[in-house]
Number of protein chains: 2
Amino acid sequence: MSQTDTVSRILDAAEALFAERGFTETSLRTITSTAGVNLAAVNYHFGSKKELIQAVFERFLTPFTEDLEAELDRRIATGQELHVEGLLESLYRVGLGGLSDRGLDPQRFMRLLGLAYTQFQGHLRRFIVSRYGDSYRRFAGLLAEALPGVDPVTFYWRLYFMLGATIFTLSSYDAIEAILREDFGAQSSLPETLERLVPAASAMLKVEAI
Amino acid sequence: MSQTDTVSRILDAAEALFAERGFTETSLRTITSTAGVNLAAVNYHFGSKKELIQAVFERFLTPFTEDLEAELDRRIATGQELHVEGLLESLYRVGLGGLSDRGLDPQRFMRLLGLAYTQFQGHLRRFIVSRYGDSYRRFAGLLAEALPGVDPVTFYWRLYFMLGATIFTLSSYDAIEAILREDFGAQSSLPETLERLVPAASAMLKVEAI
DNA sequence: CATCATTTAAAACAGTTGTTTAACTCTGGC
DNA sequence: GCCAGAGTTAAACAACTGTTTTAAATGATG
């Protein structure tokens, strides 16, 4: 084994197994044997399982937020109007394209993001907020500006509605797609689903009624 | 201890602890010591931890679906038009009111429902689908009828968008509410949040654009 | 060539997990 | 009054968890 790719082999295996089964359901022994490395390597390189979990998230969240920031900069620089649909498209395009360019599976990315919210790992939520909170707040701010009629509290609730619809749906994408394929024979792709999500989420954010 | 309330004491403790920490993160020893019963009682009365998890869900999903069916029957019997907002209101009213009448915490109910979808317990999903799938399909069918313009595949994706927005938001209700209270000083109640969710989810289901 | 970080191996660590056992207590029906 | 059976108890089971330690081997860098 060529020395230092041990770290990335562990990250690869951990990422796949976490997305598939969750954190507590995945043991270090499963990870290391999948990665073909020694059990002690995880504690040697990462310190603990907690820090391994954080490292997995860091590896895909850092390029994701960087790409998103760049995309927002680009949109602002070219003087494009920042309407709701455009912002959501930016978000989804980065999540879909930017990551797969780097060889990362966007679906796995969504499953992990869903886990970060629903599994009970306090340290993970704290880690993500402290590391990527600024980018999140920037995006939320731009979205709020694009919705001048909506009062702040209502806006934030709807932002969470949107996050819920996105994360929930995409992290169970395979299961939902399988059901629809069985019932309607129609198979849909991930980009197609995002194309359905943009107008739906936009409509939800924009409603006039109380 | 008055003999046979051991079963319900276990269910009470398990329900609260599962909602708080998740399934794998909650040990039988924590459950039994919280309930004040012997460790072996779980295996004696329920057979296994899996079956205990299912029993917890059965205890609140059975009254919930019965109430929902009754509410739908009532709406149809009184000849009310079944529009989208009304159906969602029925769903949320039953989830909120019907359960708390029975002394069950609606938020806990939502957290557990979220867990059922996101935790990796294949047996749970199978159990719920086989037991409550008919009620689910009936509700989905009525909702589809109220949306004649929307093609079936798009409808089902949007149904999952709505489920995601609902389950995700309400299962993290406490956390989100705390953030909004800190940032805006405005505190919102669960009924208020559902009042925001009805028009938002309706708008999402009804959009005209592709 | 020596050095030092990296990797492997194997073992042990101390906990925790779900489950099972066998003995015990209690109670309702004969 | 007694006894079968349901209910409870403490103890032990075997398996697994994350982590640490020992040791030896490997490889790149200076």
Side-chain angles (χ1 to χ4, degrees), chain A residues 1-59 112 115-116 119-124 126-127, chain B residues 1-59 112 115-116 119-124 126-127:
Chain A
M1 182 170 320
S2 62
Q3 278 289 93
T4 45
D5 61 1
T6 300
V7 169
S8 58
R9 292 174 62 94
I10 293 174
L11 285 172
D12 288 342
E15 184 181 287
L17 289 164
F18 286 155
E20 197 178 304
R21 323 179 184 182
F23 305 122
T24 34
E25 293 83 355
T26 305
S27 72
L28 292 182
R29 282 169 180 80
T30 312
I31 293 171
T32 50
S33 71
T34 303
V37 303
N38 188 269
L39 169 61
V42 168
N43 292 283
Y44 178 79
H45 287 286
F46 297 94
S48 66
K49 189 181 181 181
K50 271 187 188 179
E51 288 164 289
L52 169 61
I53 295 175
Q54 293 176 4
V56 167
F57 276 81
E58 189 169 24
R59 190 172 64 157
L112 289 171
L115 289 188
Q119 299 256 67
F120 303 83
Q121 305 266 352
H123 70 96
L124 224 196
R126 265 174 272 129
F127 171 79
Chain B
M1 183 170 321
S2 61
Q3 278 290 89
T4 44
D5 61 0
T6 300
V7 169
S8 58
R9 291 175 63 94
I10 293 173
L11 285 173
D12 288 341
E15 185 182 285
L17 289 165
F18 285 156
E20 198 177 306
R21 324 180 182 180
F23 305 122
T24 32
E25 292 83 355
T26 304
S27 72
L28 293 182
R29 282 168 180 81
T30 312
I31 293 171
T32 51
S33 70
T34 303
V37 304
N38 188 270
L39 169 62
V42 168
N43 292 282
Y44 178 78
H45 287 287
F46 297 93
S48 66
K49 190 181 180 181
K50 271 187 189 180
E51 289 164 288
L52 169 62
I53 295 174
Q54 293 176 4
V56 166
F57 275 81
E58 189 170 24
R59 190 171 64 154
L112 290 171
L115 290 188
Q119 300 257 65
F120 303 82
Q121 305 268 351
H123 69 96
L124 223 197
R126 267 174 270 129
F127 171 79

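Chain letters run A, B, ... following the sequence lines, proteins first and then strands; every chain starts at 1. Note: hydrogens, waters and symmetry copies are ignored here, and every other heavy atom, side chains too, is used. None of the values given here were measured: they were computed from a predicted structure.
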Fill in the blank from the handout: Across all chains, not counting sequence neighbours, the salt bridge (charged side-chain N to carboxylate O under 4.0 Å, His left out) partners of E58(B) are R131(B)
Practice task
For the helix from dA9(C)-dT22(D) to dC30(C)-dG1(D), figure out the bend between the end axes, five pairs an end, and round to 10 degrees.
Solution key: 20°
Problem - side-chain N/O H45(B) vs dA6(D) OP1/OP2, d < 4.0 Å - result: no
Problem - Protein-nucleotide distance (L39(B), atom CG; dG7(D), atom P), rounded to Å - result: 18 Å
Completion exercise
Note: contacts of residues 46-56 of chain B with DNA chain C (heavy atom, under 4.0 Å) are S48(B), K49(B)
Just distance, no hydrogens or angles: give the donor-acceptor pairs under 3.5 Å from side chains in residues 32-42 of chain B, sequence neighbours left out.
{"from": "T32(B)", "atom 1": "OG1", "to": "L28(B)", "atom 2": "O", "distance (Å)": "2.9"}
{"from": "T32(B)", "atom 1": "OG1", "to": "R29(B)", "atom 2": "O", "distance (Å)": "3.2"}
{"from": "S33(B)", "atom 1": "OG", "to": "R29(B)", "atom 2": "O", "distance (Å)": "3.1"}
{"from": "S33(B)", "atom 1": "OG", "to": "T30(B)", "atom 2": "O", "distance (Å)": "3.3"}
{"from": "T34(B)", "atom 1": "OG1", "to": "T30(B)", "atom 2": "O", "distance (Å)": "2.7"}
{"from": "N38(B)", "atom 1": "OD1", "to": "A40(B)", "atom 2": "N", "distance (Å)": "2.9"}

Problem - side chain to side chain donor-acceptor pair (under 3.5 Å) partners of Q54(A), counting only residues at least two apart - result: H123(A)
Handout entry: Closest-nucleotide 5' rank along DNA chain C - winner of N38(A) and Y44(A)
Key = Y44(A)
Completion exercise
Across all chains, not counting sequence neighbours, the side chain to side chain donor-acceptor pair (under 3.5 Å) partners of E20(A) are none
Handout entry: Within residues 34-52 of chain B or reaching into it, pairs that qualify as salt bridge (charged side-chain N to carboxylate O under 4.0 Å, His left out) - sequence neighbours excluded
Key = none
Problem - Check: N43(B) and L52(B) side chains under 4.5 Å, non-hydrogen atoms - result: no
Problem - Summary of ring pair (Phe, Tyr, Trp, His ring centres under 6.0 Å) pairs that have at least one residue in residues 18-55 of chain A, sequence neighbours excluded - result: F18(A)-F23(A)
Practice task
Identify, with sequence neighbours excluded, every residue that meets side chain to side chain donor-acceptor pair (under 3.5 Å) alongside E25(B).
Solution key: T24(A)
Exercise for the section: Scan residues 19-32 of chain B against DNA chain C and write down, sorted by residue number, each residue with any heavy atom closer than 4.0 Å; if none is found, say none. Expected result: T26(B), S27(B), L28(B), R29(B)
